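Here the structure is a predicted model, which means the values were calculated and not measured.
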Amino acid sequence: EAAVTQSPRNKVAVTGGKVTLSCNQTNNHNNMYWYRQDTGHGLRLIHYSYGAGSTEKGDIPDGYKASRPSQENFSLILELATPSQTSVYFCASGEPGQDYAEQFFGPGTRLTVL
Amino acid sequence: GDSVTQTEGQVALSEEDFLTIHCNYSASGYPTLFWYVQYPGEGPQLLFRASRDKEKGSSRGFEATYDKGTTSFHLRKASVQESDSAVYYCALSDRGNNNAPRFGAGTKLSVKP
(Lines give C-alpha, C1' and ligand atoms only; values in the text may rest on other atoms or scores of the structure.)
Protein backbone atom coordinates (compact mmCIF):
# COMPACT_ATOMS: atom_id res chain seq x y z
CA GLU A 1 0.00 0.00 0.00
CA ALA A 2 1.84 3.06 -1.34
CA ALA A 3 1.92 5.91 1.15
CA VAL A 4 2.29 8.73 -1.41
CA THR A 5 0.38 8.50 -4.66
CA GLN A 6 0.24 10.89 -7.61
CA SER A 7 -2.22 11.33 -10.43
CA PRO A 8 -2.08 11.35 -13.31
CA ARG A 9 1.13 9.42 -13.92
CA ASN A 10 1.42 10.85 -17.42
CA LYS A 11 -0.09 13.99 -18.87
CA VAL A 12 0.10 15.73 -22.24
CA ALA A 13 -1.10 19.33 -22.22
CA VAL A 14 -1.26 22.16 -24.72
CA THR A 15 0.45 25.50 -24.32
CA GLY A 16 -1.81 27.92 -22.48
CA GLY A 17 -3.95 25.20 -20.98
CA LYS A 18 -4.56 24.57 -17.29
CA VAL A 19 -2.98 21.54 -15.64
CA THR A 20 -3.60 20.16 -12.16
CA LEU A 21 -1.33 17.54 -10.65
CA SER A 22 -2.65 15.76 -7.57
CA CYS A 23 -0.92 14.12 -4.64
CA ASN A 24 -2.33 12.05 -1.79
CA GLN A 25 -0.48 10.77 1.28
CA THR A 26 -1.54 8.32 3.97
CA ASN A 27 1.48 8.95 6.22
CA ASN A 28 -0.39 11.57 8.25
CA HIS A 29 2.54 13.93 7.74
CA ASN A 30 2.11 17.64 8.21
CA ASN A 31 4.59 18.70 5.51
CA MET A 32 4.18 18.09 1.81
CA TYR A 33 6.37 19.18 -1.10
CA TRP A 34 6.36 19.52 -4.86
CA TYR A 35 9.59 19.16 -6.85
CA ARG A 36 10.40 19.03 -10.53
CA GLN A 37 13.20 16.85 -11.86
CA ASP A 38 15.29 17.87 -14.85
CA THR A 39 18.58 16.52 -16.12
CA GLY A 40 21.43 18.66 -14.87
CA HIS A 41 19.28 20.32 -12.21
CA GLY A 42 18.23 17.43 -10.04
CA LEU A 43 15.19 17.99 -7.84
CA ARG A 44 14.11 21.61 -7.46
CA LEU A 45 11.58 22.73 -4.86
CA ILE A 46 8.49 24.45 -6.28
CA HIS A 47 6.04 24.76 -3.37
CA TYR A 48 5.56 23.17 0.01
CA SER A 49 3.01 23.12 2.80
CA TYR A 50 3.01 22.84 6.57
CA GLY A 51 -0.55 21.59 6.82
CA ALA A 52 -4.09 22.02 5.54
CA GLY A 53 -4.67 25.53 4.24
CA SER A 54 -0.97 26.42 4.11
CA THR A 55 1.23 26.86 1.05
CA GLU A 56 4.75 28.28 0.82
CA LYS A 57 6.93 29.21 -2.13
CA GLY A 58 9.98 27.14 -2.79
CA ASP A 59 12.94 28.02 -4.97
CA ILE A 60 11.19 28.06 -8.38
CA PRO A 61 7.52 28.99 -7.79
CA ASP A 62 6.95 31.17 -10.87
CA GLY A 63 4.22 29.79 -13.12
CA TYR A 64 2.93 27.42 -10.44
CA LYS A 65 0.30 27.56 -7.72
CA ALA A 66 -0.33 25.07 -4.94
CA SER A 67 -3.37 24.05 -2.92
CA ARG A 68 -3.58 22.04 0.32
CA PRO A 69 -7.27 21.47 1.06
CA SER A 70 -6.67 18.70 3.59
CA GLN A 71 -3.93 16.87 5.48
CA GLU A 72 -3.87 14.16 2.82
CA ASN A 73 -4.03 16.14 -0.43
CA PHE A 74 -1.68 18.61 -2.07
CA SER A 75 -2.15 19.84 -5.64
CA LEU A 76 0.13 21.66 -8.06
CA ILE A 77 -1.61 23.93 -10.55
CA LEU A 78 -0.25 25.31 -13.80
CA GLU A 79 -2.75 27.99 -14.84
CA LEU A 80 -1.11 28.66 -18.22
CA ALA A 81 1.15 25.77 -19.12
CA THR A 82 4.28 26.45 -21.18
CA PRO A 83 6.70 24.05 -22.93
CA SER A 84 9.39 24.98 -20.36
CA GLN A 85 7.25 23.24 -17.73
CA THR A 86 7.72 19.90 -19.46
CA SER A 87 9.30 17.80 -16.73
CA VAL A 88 8.81 15.02 -14.21
CA TYR A 89 7.08 16.20 -11.05
CA PHE A 90 7.45 14.55 -7.67
CA CYS A 91 5.37 14.99 -4.57
CA ALA A 92 6.74 14.12 -1.14
CA SER A 93 5.60 14.14 2.47
CA GLY A 94 7.59 14.50 5.68
CA GLU A 95 7.24 15.12 9.37
CA PRO A 96 8.63 18.34 10.80
CA GLY A 97 9.94 18.61 14.28
CA GLN A 98 12.30 15.72 13.83
CA ASP A 99 15.99 16.16 13.49
CA TYR A 100 16.18 14.58 10.10
CA ALA A 101 12.91 15.40 8.32
CA GLU A 102 13.10 12.40 5.96
CA GLN A 103 10.88 12.63 2.92
CA PHE A 104 8.74 9.96 1.32
CA PHE A 105 8.25 10.40 -2.40
CA GLY A 106 5.50 9.48 -4.80
CA PRO A 107 6.21 7.74 -8.13
CA GLY A 108 6.19 10.95 -10.16
CA THR A 109 4.09 12.51 -12.93
CA ARG A 110 5.57 12.97 -16.39
CA LEU A 111 4.16 16.16 -17.91
CA THR A 112 4.64 17.11 -21.55
CA VAL A 113 3.48 20.55 -22.71
CA LEU A 114 3.19 20.85 -26.47
CA GLY B 1 20.28 30.08 0.36
CA ASP B 2 21.18 26.52 1.21
CA SER B 3 22.63 24.46 -1.62
CA VAL B 4 24.22 21.13 -2.48
CA THR B 5 26.85 20.50 -5.15
CA GLN B 6 27.48 17.11 -6.72
CA THR B 7 30.42 17.26 -9.09
CA GLU B 8 29.86 14.02 -11.01
CA GLY B 9 26.88 14.01 -13.33
CA GLN B 10 27.53 10.44 -14.50
CA VAL B 11 29.77 7.64 -13.26
CA ALA B 12 30.43 4.43 -15.19
CA LEU B 13 32.06 1.50 -13.36
CA SER B 14 32.49 -2.24 -13.58
CA GLU B 15 31.34 -4.67 -10.89
CA GLU B 16 33.62 -4.76 -7.83
CA ASP B 17 35.01 -1.28 -8.55
CA PHE B 18 35.28 1.30 -5.78
CA LEU B 19 32.75 4.13 -5.89
CA THR B 20 33.10 7.73 -4.77
CA ILE B 21 30.48 10.40 -5.46
CA HIS B 22 31.39 13.84 -4.15
CA CYS B 23 28.94 16.06 -2.30
CA ASN B 24 29.62 19.49 -0.87
CA TYR B 25 27.08 21.70 0.81
CA SER B 26 26.50 25.30 1.80
CA ALA B 27 24.15 26.12 4.66
CA SER B 28 23.73 28.96 7.12
CA GLY B 29 22.84 26.64 9.99
CA TYR B 30 23.72 23.07 11.03
CA PRO B 31 21.95 20.86 8.51
CA THR B 32 21.08 17.20 8.43
CA LEU B 33 22.61 15.55 5.36
CA PHE B 34 21.06 12.77 3.29
CA TRP B 35 21.78 10.41 0.46
CA TYR B 36 18.77 9.31 -1.59
CA VAL B 37 18.70 6.68 -4.35
CA GLN B 38 16.31 6.66 -7.28
CA TYR B 39 15.65 3.61 -9.46
CA PRO B 40 14.09 3.94 -12.93
CA GLY B 41 10.38 4.71 -12.83
CA GLU B 42 10.34 5.35 -9.08
CA GLY B 43 10.61 8.27 -6.71
CA PRO B 44 13.76 8.83 -4.65
CA GLN B 45 14.07 6.85 -1.44
CA LEU B 46 16.26 7.46 1.56
CA LEU B 47 19.57 5.60 1.61
CA PHE B 48 20.78 7.06 4.93
CA ARG B 49 21.29 10.32 6.83
CA ALA B 50 23.71 12.00 9.27
CA SER B 51 22.96 14.86 11.63
CA ARG B 52 26.23 15.69 13.44
CA ASP B 53 29.81 16.41 12.55
CA LYS B 54 31.88 13.21 12.14
CA GLU B 55 28.75 11.02 12.15
CA LYS B 56 28.86 8.18 9.63
CA GLY B 57 25.73 7.13 7.83
CA SER B 58 25.58 3.76 6.10
CA SER B 59 23.25 1.33 4.36
CA ARG B 60 23.59 -1.57 1.88
CA GLY B 61 27.39 -1.20 1.83
CA PHE B 62 27.25 2.53 1.06
CA GLU B 63 28.63 5.02 3.57
CA ALA B 64 29.35 8.70 4.03
CA THR B 65 30.81 10.77 6.86
CA TYR B 66 29.54 14.22 7.81
CA ASP B 67 32.50 16.62 7.68
CA LYS B 68 31.62 20.10 8.88
CA GLY B 69 35.16 21.35 8.35
CA THR B 70 35.18 20.64 4.62
CA THR B 71 31.36 20.91 4.29
CA SER B 72 31.30 17.51 2.60
CA PHE B 73 29.33 14.26 2.68
CA HIS B 74 30.94 12.04 0.02
CA LEU B 75 29.28 8.73 -0.85
CA ARG B 76 31.53 5.66 -1.01
CA LYS B 77 31.14 1.95 -1.64
CA ALA B 78 34.02 -0.52 -1.71
CA SER B 79 32.63 -2.90 -4.31
CA VAL B 80 29.69 -1.94 -6.53
CA GLN B 81 27.24 -4.37 -8.12
CA GLU B 82 25.17 -4.08 -11.27
CA SER B 83 22.08 -3.71 -9.06
CA ASP B 84 23.53 -0.46 -7.66
CA SER B 85 22.88 1.25 -11.00
CA ALA B 86 20.63 4.18 -10.17
CA VAL B 87 20.63 7.95 -9.66
CA TYR B 88 22.04 9.15 -6.34
CA TYR B 89 21.09 12.46 -4.76
CA CYS B 90 22.80 14.30 -1.95
CA ALA B 91 20.43 16.54 0.04
CA LEU B 92 20.31 18.74 3.10
CA SER B 93 17.63 19.86 5.50
CA ASP B 94 18.22 22.85 7.71
CA ARG B 95 15.91 23.68 10.59
CA GLY B 96 16.70 27.33 10.05
CA ASN B 97 15.22 27.01 6.59
CA ASN B 98 11.91 25.50 7.71
CA ASN B 99 13.08 21.97 6.99
CA ALA B 100 12.32 22.19 3.27
CA PRO B 101 15.05 19.90 1.92
CA ARG B 102 17.28 20.92 -0.96
CA PHE B 103 18.82 18.45 -3.39
CA GLY B 104 21.91 18.29 -5.53
CA ALA B 105 21.84 17.74 -9.29
CA GLY B 106 22.13 13.98 -8.93
CA THR B 107 24.70 11.44 -10.14
CA LYS B 108 23.75 8.64 -12.51
CA LEU B 109 25.69 5.49 -11.67
CA SER B 110 25.97 2.78 -14.30
CA VAL B 111 27.65 -0.51 -13.35
CA LYS B 112 28.63 -3.03 -16.01
CA PRO B 113 28.69 -6.73 -15.16
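Within residues 38-46 of chain A, the residues that have a heavy atom under 4.5 Å from a heavy atom of chain B are Gly40(A), His41(A), Gly42(A), Leu43(A), Leu45(A), listed by number. Within residues 104-113 of chain B, the residues having any heavy atom less than 4.5 Å from a heavy atom of chain A are, in residue-number order, Gly104(B), Ala105(B).
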Using a 3.5 Å cut-off and no angle test, enumerate the donor-acceptor pairs between side-chain atoms of residues 37-44 of chain B and protein atoms at least two apart in sequence or in another chain.
residue  : atom : partner  : partner atom : Å
Gln38(B) : OE1  : Gln37(A) : NE2          : 2.6
Gln38(B) : NE2  : Glu42(B) : O            : 2.9
Tyr39(B) : OH   : Arg60(B) : NH1          : 2.9

Can you give each donor-acceptor pair under 3.5 Å made by side-chain atoms of residues 51-58 of chain A, sequence neighbours left out, with the distance rounded to 0.1 Å?
residue  : atom : partner  : partner atom : Å
Ser54(A) : OG   : Tyr50(A) : N            : 2.9

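Linking ILVMFWY side-chain heavy atoms closer than 4.5 Å, directly or via other members, places Leu33(B) and Val4(B) in a single hydrophobic cluster. Under the 4.5 Å side-chain heavy-atom criterion for Ile, Leu, Val, Met, Phe, Trp and Tyr, Leu80(A) and Val19(A) are members of distinct hydrophobic clusters. Under a hydrophobic-cluster definition in which Ile, Leu, Val, Met, Phe, Trp and Tyr are linked whenever side-chain heavy atoms come within less than 4.5 Å, directly or via other members, Leu76(A) and Phe90(A) are assigned to different clusters. A single hydrophobic cluster is seen to contain both Tyr48(A) and Tyr36(B), as judged by linkage of ILVMFWY side chains at heavy-atom distances under 4.5 Å, directly or through other members. Phe105(A) and Tyr89(A) sit in two unconnected hydrophobic clusters of ILVMFWY residues. Membership requires side-chain heavy atoms under 4.5 Å apart, directly or through other members.
Other residues, nucleotides and ligands contribute at most 12 non-hydrogen atoms within 6.0 Å of the NZ atom of Lys18(A).
Only the side chain of Arg9(A) comes within contact range of chain B, with heavy atoms under 4.5 Å apart. Contacts between Phe104(A) and chain B at a heavy-atom distance below 4.5 Å are absent for every atom of the residue.
The two residues Pro101(B) and Tyr35(A) have their closest heavy-atom pair at O-OH, 2.9 Å.
Residues Gln103(A) and Leu46(B) fail the side-chain proximity criterion, which asks for heavy atoms closer than 4.5 Å.
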